[in-house]
Amino acid sequence: MPDPEQAARARLAELQKEIEAHNRRYHEEAAPTIGDREYDALYRELSDLEQQFPQLASPDSPTRRVGGAPLKAFAPVTHRLPMLSLDNTYSEAEVADFYRRLQRLLPDEKIPVVIEPKVDGVAVSVLYEKGRLRYAATRGDGTTGDDITQNMRTIRSLPAQLKGNAPALLEVRGEVYLDKKGFAALNTARTEAGLPPFANPRNAAAGSLKQLDPTIAAQRPLGVVFYGTGLIAGAELQLHSALFPFLQQLGLTATERWWMAESVEETLQAIHELDKVRHDFAYQTDGAVVKVDTLVQREALGFTAKSPRWAIAYKYEAERVETRLLDISIQVGRTGVLTPVANLEPVTVSGSRVARATLHNEEEVQRKGIRIGDVVVIEKAGEVIPAVVSVRTDLRNGSEREFRMPATCPECGSAVQKDEGQVAIRCVNAQCPAQLRRRLEHFASRGAMDIEGLGEVLVAQLVVRGLLHDVSDIYALNAEKLGTLERVGEKSITNLLEAIERSKTRPLWRLLFGLGILHVGVSAARALADHYRSTDAIMASSAEELQHIPDVGEVVGNSIHGFFQEPVNRKLIGRLAAAGLRLVEEAPPVDPDASPFAKTTWVITGTLSQPREEIAELIIGRGGKVVGSVSKKTSYVLAGEEAGSKLEKAKKLGVRVIDEAAFRELLAS
Ligand code: IVH
């Protein structure tokens, strides 16, 4: 019998190497050799294995869930150089004034400026020391921000180690964003859960970075673009335009398009050109930043009280169009939430055709005073999701109709209900076919049990034929039953049955998430699986006990308790168990003697990328001991930045001192 841990260790190392190579090809060489789906499969295999064998997970893993444990609070970080902001203007005349002022202040000089996209995300500062990522921080008040290193490490395109000739110290500034597609998907999931949708990708990105649990950030498609620097030591840049290739050589993602100009006219021209192409970027942009290119000129220009004289931010007006609201239809979601959807006379907004827009809920419709038949003003929230922003009441002719949410579910006719304190209206019939379809789709989706091939169309067919009444019926499907479906070939039947079979071994958290329990997202599902390790243990738990699990809390705890108290759900779990699904997670075996930390004594000092208590936990979990002061008996001193007297003492006593990078290597070994 091969040792499963041994096999996992080998596979983990293999996967990590492979994924890192794919990341490099994708992000640095722009020459991926595999598709997204294959990549995701590798990534998921890694993350599932790490979940199964947490003791083998490397802190340098591409999944970057450092430590895994949620933080208690964000530690403050003082920026090496302050993070500045710019004045915004919506007026081209002010951009022209800006350039003319430059000409006045630098008479007789050529003044080349760079025009680049203003990325609509969250400003971050990342510090690399000798090429190694030390920490990442939010802007905060410009002087001190929050340490968001753990969440930033979940970003696939942010290297932990720079390539090539990295400077001794590099503080890079940029913007973290949630890509446009990911934003749309996230909001759909939130509406389903009865949560308010994020207004735009920037809010969603900010929300993701502010999560104390990095697994949440890891679930969201965050990216980062760099456009500036703070302190640099060991490299000299004379021009801002030289920064982009410089950053790219180091493996950092820089602004993808930028323009040069040397006059008012050229500057405005570049701003217009950028406006034409910016909708094709993966991230949301809301303007153009104009910056003096020559750093010597920047120094000569200096600062006003608030911001530099050498840059200005121009913001584009959001594109708004008018169209007619033909009707409002109702969509029933997985949890029964009824969502009003605007059916519009098709129009083009920000580069794409729009015929539908979500109206979120009845209150929103009332607040905006929307009536069926109105001419409405449409804009894309975050350039992606069409939204009705206002109504042209002046164009009404009296034929417009007020909208009311139906008192019964449009799919099944059952009465609807409004939960206390929530705006959402729900169909409470658990047998509602619309809900059933959504529940099945969710269960089979990539984020949950990942049953490839079991999508919207097939689910709808199977429900109509009476082959699926709940998620456990998926495991009763066979070639004979599937053979009765129209236009489903033998090959797809085999593939689907194989995919169903594979889904039986997914980790427990995926099943818990897949069940679609109200309010249970990925992080709550993971927390539950980690804590209880079996569905039986969860079922046996009281609501009170559940509420004390981190990432669960009162509302979620009650919801989980309620779910597992329902006889139908208990039966469902029984059927899933009978089908052979994994309802128990093995506790990770620990062999402290095999660890390089076994019987070692550690002192932690200086500033590290993670709070000391967490680092201590990593050491203790591997069989080591952490003490407060250095003595001859100390095995290692882990010295972070600005380590002081303890480091001195270690040197004097000849105790082994290691830096964080070496520590991480030891952890990974
Ligand atoms: S330069 C002193 N460049 O927009 C220069 N900022 O007020 C400071 N932003 O706070 C920033 N894209 O968060 C710069 N290409 C870009 C940018 C950019 C987005 C953000 C940044 C800044 C704000 C402008």
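Ligands are counted one by one from 1 in listed order, and the atoms in each one are counted from 1 as well. Residue numbers start at 1 and run along the sequence shown. For clarity, every value in this text was computed on a predicted model and none was experimentally measured.
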Atom indices of ligand 1, in the order listed, that fall short of 4.0 Å to a heavy atom of A123:
13 (O)
State, yes or no, whether a side-chain contact exists between L247 and T255 at a heavy-atom distance under 4.5 Å.
no
Answer with yes or no whether G228 contacts ligand 1, where contact means a heavy atom under 4.0 Å from a ligand atom.
no
Side chains of T348 and R353 in contact at under 4.5 Å (non-hydrogen atoms):
yes
So, 4.0 Å and heavy atoms of P308: is ligand 1 close enough to count as a contact?
yes
Closest by any non-hydrogen atom to atom 6 (N) of ligand 1: pick that one out of Y177, F303, Y227, F226.
Y227
Which heavy atom of the protein is the closest neighbour of atom 3 (N) of ligand 1, given with residue, atom name and distance?
K291 NZ, 2.9 Å
Return yes if some donor-acceptor pair links the side-chain N/O of T89 with the main-chain N/O of S91 below 3.5 Å, else return no.
yes
Show me which atoms of ligand 1 lie under 4.0 Å from any heavy atom of S85.
7 (O), 10 (O)
Can you list the atoms of ligand 1 that are under 4.0 Å from a heavy atom of P117?
12 (N), 15 (N), 16 (C)
State whether the shortest distance between N or O atoms of R139 and N or O atoms of ligand 1 falls below 3.5 angstrom.
yes
Before signing off on this row, confirm whether W310 and ligand 1 have an N or O atom pair separated by under 3.5 Å.
no
Specify the protein heavy atom at minimum distance from atom 15 (N) of ligand 1: its residue, its atom name, and the distance to 0.1 Å.
E116 OE2, 2.6 Å
For A261, does its backbone N or O pair with a side-chain atom of E266 as donor and acceptor, under 3.5 Å?
no
Point-to-point distance, once rounded to the nearest 0.5 Å, from OG of S390 to CD of E322
8.0 Å
Using a 3.5 Å distance criterion without hydrogens, assess whether the side chain of Y99 forms a donor-acceptor pair with backbone atoms of E262.
yes
What protein heavy atom sits nearest atom 8 (C) of ligand 1, and how far off is it?
L84 O, 3.6 Å
Considering K118, K315, E175, H240, which one's heavy-atom position lies nearest to atom 23 (C) of ligand 1?
K118
Return a yes/no value for V289: is any of its N or O atoms, backbone included, closer than 3.5 angstrom to an N or O of ligand 1?
no
Ignoring hydrogens, just give me the one of L86, V119, V290 whose non-hydrogen atom is nearest atom 5 (C) of ligand 1.
L86
When you compare the side chain of V126 with that of F226, does any pair of heavy atoms fall below 4.5 Å?
yes
How many angstroms lie between CZ in R257 and CZ in R278, if you round to the nearest 0.5 Å?
13.5 Å
Measure the spacing between NZ of K291 and CD1 of I312 and express it to the nearest 0.5 Å.
13.0 Å
